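The first residue in the sequence is number 1, and the count goes up from there. Computed from a predicted structure; not experimentally measured.
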Amino acid sequence: MVPDMEQVVTVRGGRVRGVERRGVWSFSGIPYAAPPVGDLRWRPPQLPEGWSDVRDGSAFGPIAPQPAAVAGITSPSDPSAAEPQSEDCLSLNVWTPELPDQPTPVPGSGRPVMVWIHGGGFTGGSGSVALYRGGDLVRNGDVVVVTINYRLGALGFLGHPCVTDADGYCGSWGLHDQVAALRWVQENIAQFGGDASNVTIFGESAGGFSVSALLAAPSARGLFRHAIVQSGGAHVHTAAQGEQAGVRLGEALDVARLDRETLLTVPPADLVSATTEMAKGRPEAGAVPLPFLPVVDGSFLAAHPLDAVQAGSAAGVDLIIGTNRDELTLFSLGNPALAGLDDNGVHRWLANGAPDVPTDELLETYRTVRSARQEGATAQELWVAVGTDNIFRWPSLQLAAAQQAQGARTFVYLFDWESPAFGGILGACHALELPFVFGAVRSPAVQLFSGAGPEVEALSQQMQSAWLAFAQTGDPSGGGAGDWPAWDPEGRVTMMFGPNSGMTKAPRNEELDVWERYRPLPAGIA
């Protein structure tokens, strides 16, 4: 262990002083790219300028401009204080168990590296959210953890042609940032004891969508060996959808002309407000109900990620992918329109959300299957079940099948632990697995969401051990989770994480038949 007085690490750009807390070194707020401001707004990130003094790495950097966070849960640090927001947000944070006496870039000589990409609907979140601290993973496994900020909302994902650059890039600026952060990891992580040849990227929700997109991005090839997609799937905008989102942004801003010169003058707060207004509108038929998504621009993303992965864009990358049983319950909280859906409302929602699948057939299939399992089949319960599979589970299984078809080791999980919050109405909701993965279940505030007690601690240990084993070797077997065989489209063996963790063959599979009839899984290998 390096003595306390030698807490300075040299990275590209200069020196950073970290702090040691409970046996873990942390270095926060390290810039990995230049501030994307002025003419660099809606342009790929550039290398950061260097600094001469030793940089203080004890505090997180500003977060990307975004709406207000949920205090104590999605807020980065002090729940009572607003976090600084700035376009100058491209920084990352590193946690490591030990600083090397002599950094070496020799592949295989350091610790596995886990790079977390946060969620938040591409409009919120940061790498400093309280749930995402890397210390617990580091203490329980011999790994280095990195969390990152990237541009959000219109600043990160505006895909209107007026902001297209000379290389044809348009609409995935936040993904460009993620690639820049991964390149920084390649160049600098040995200084923190990490092995740049053994990087795992993992993310949840929009972070999971991001990981799925990075599997398809040519510029990300070779920057990671393993990938974990939590409650994600391959969700993007076409170029036409990206352009239409830009038109809606212009309408919300009430700008006279939608051009780059005009948009460069719009304050970040106004872009955030306009994006919030966009989110109130009805989503396009068949689209994920988010104002912005990464855009298939023909350059950064040459094709839909599912098609690219099926064609071999991520060949050789080991994959864990999975979802939570009741993803959509979280989104009805505080939304009377969703919480009060009746039969007609569910029918309209599904007809718009899955126009390629007959709504009556969907509802009848789920009603029959759930009744046979003695599960509820009210309008609200059907909306949660069908919507969860439409947005999260079936797209995740499609991506699993596409990657498995390339011969990559692919592992699938289903999380069915139920939250005690709000009298248990959330079930196994969206984001509930996060405190288990990061070990945040020991926090009294988080326990209101996750629950507390020996079973909670055991489940967290199971998930952490699986994620850490996967980061080490590309195989999540071992530890409290036990043996975890690879998934294939025929047997569909799946790890269940919950009250009865363990392997199950094709869990909750009967209702998936209707999706497969209209959205077939990519063909597996012989």
Novice: Do Pro305 and Phe209 have side chains that get closer than 4.5 Å, going by heavy atoms?
Specialist: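 Answer no - side chains too far apart.
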Novice: With sequence neighbours left out, what residues match Tyr132 under ring pair (Phe, Tyr, Trp, His ring centres under 6.0 Å)?
Specialist: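 For Tyr132, the residues satisfying ring pair (Phe, Tyr, Trp, His ring centres under 6.0 Å) (neighbours in sequence not counted) are Trp116, Phe438.
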Novice: Could you check if a side-chain atom of Val199 sits within less than 4.5 angstrom of a side-chain atom of Gln186, using non-hydrogen atoms only?
Specialist: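 Counting from C-beta outward, Val199 and Gln186 do come under 4.5 Å.
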Novice: Parallel, tilted or perpendicular, judged at 30° and 60°: which one describes the rings of Phe192 and Trp184?
Specialist: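 Taking Trp184 first and then Phe192, their aromatic rings sit tilted (interplane angle of 30° to 60°).
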Novice: Do other residues, nucleotides or ligands put more than 12 heavy atoms under 6.0 Å from Arg43 CZ?
Specialist: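 Yes.
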Novice: Check the pair Glu98 / Arg111 against side chain to side chain contact (heavy atoms under 4.5 Å, CB included), numbers first and verdict last.
Specialist: CA-CA 10 Å; Glu98 188 175 35; Arg111 295 176 176 81; 3.0 Å; yes
Novice: With respect to Trp25, which candidate in Val19, Val144, Thr96, Val9 satisfies the side-chain contact (heavy atoms from CB on, under 4.5 Å) definition?
Specialist: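 Answer to the side-chain contact (heavy atoms from CB on, under 4.5 Å) test with Trp25 among Val19, Val144, Thr96, Val9: Thr96.
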Novice: So do Leu434 and Glu204 actually touch side chain to side chain, heavy atoms under 4.5 Å?
Specialist: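 Yes. Closest side-chain heavy atoms under 4.5 Å.
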Novice: Can you check whether Ile148 reaches His118 side chain to side chain, under 4.5 Å on heavy atoms?
Specialist: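 No; the side chains remain at least 4.5 Å from each other.
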Novice: Less than 3.5 Å apart, any donor N or O on the side chain of Ser477 or Asp475 sitting next to an acceptor on the other?
Specialist: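 Their side chains do contain a donor-acceptor pair, which is all the 3.5 Å distance test asks for.
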Novice: What's the shortest heavy-atom distance between Val211 and Ala227, and which atoms?
Specialist: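 So the minimum-distance heavy-atom pair works out to CG1-CB, 3.8 Å.
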Novice: Check whether any side-chain heavy atom of Trp173 lies under 4.5 Å from a side-chain heavy atom of Leu155, and answer yes or no.
Specialist: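 Result no, sub-4.5 Å side-chain heavy-atom pair not found.
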Novice: Check whether the ring centres of His430 and Phe392 lie less than 6.0 Å apart, and answer yes or no.
Specialist: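 Between His430 and Phe392, the centre distance is under 6.0 Å.
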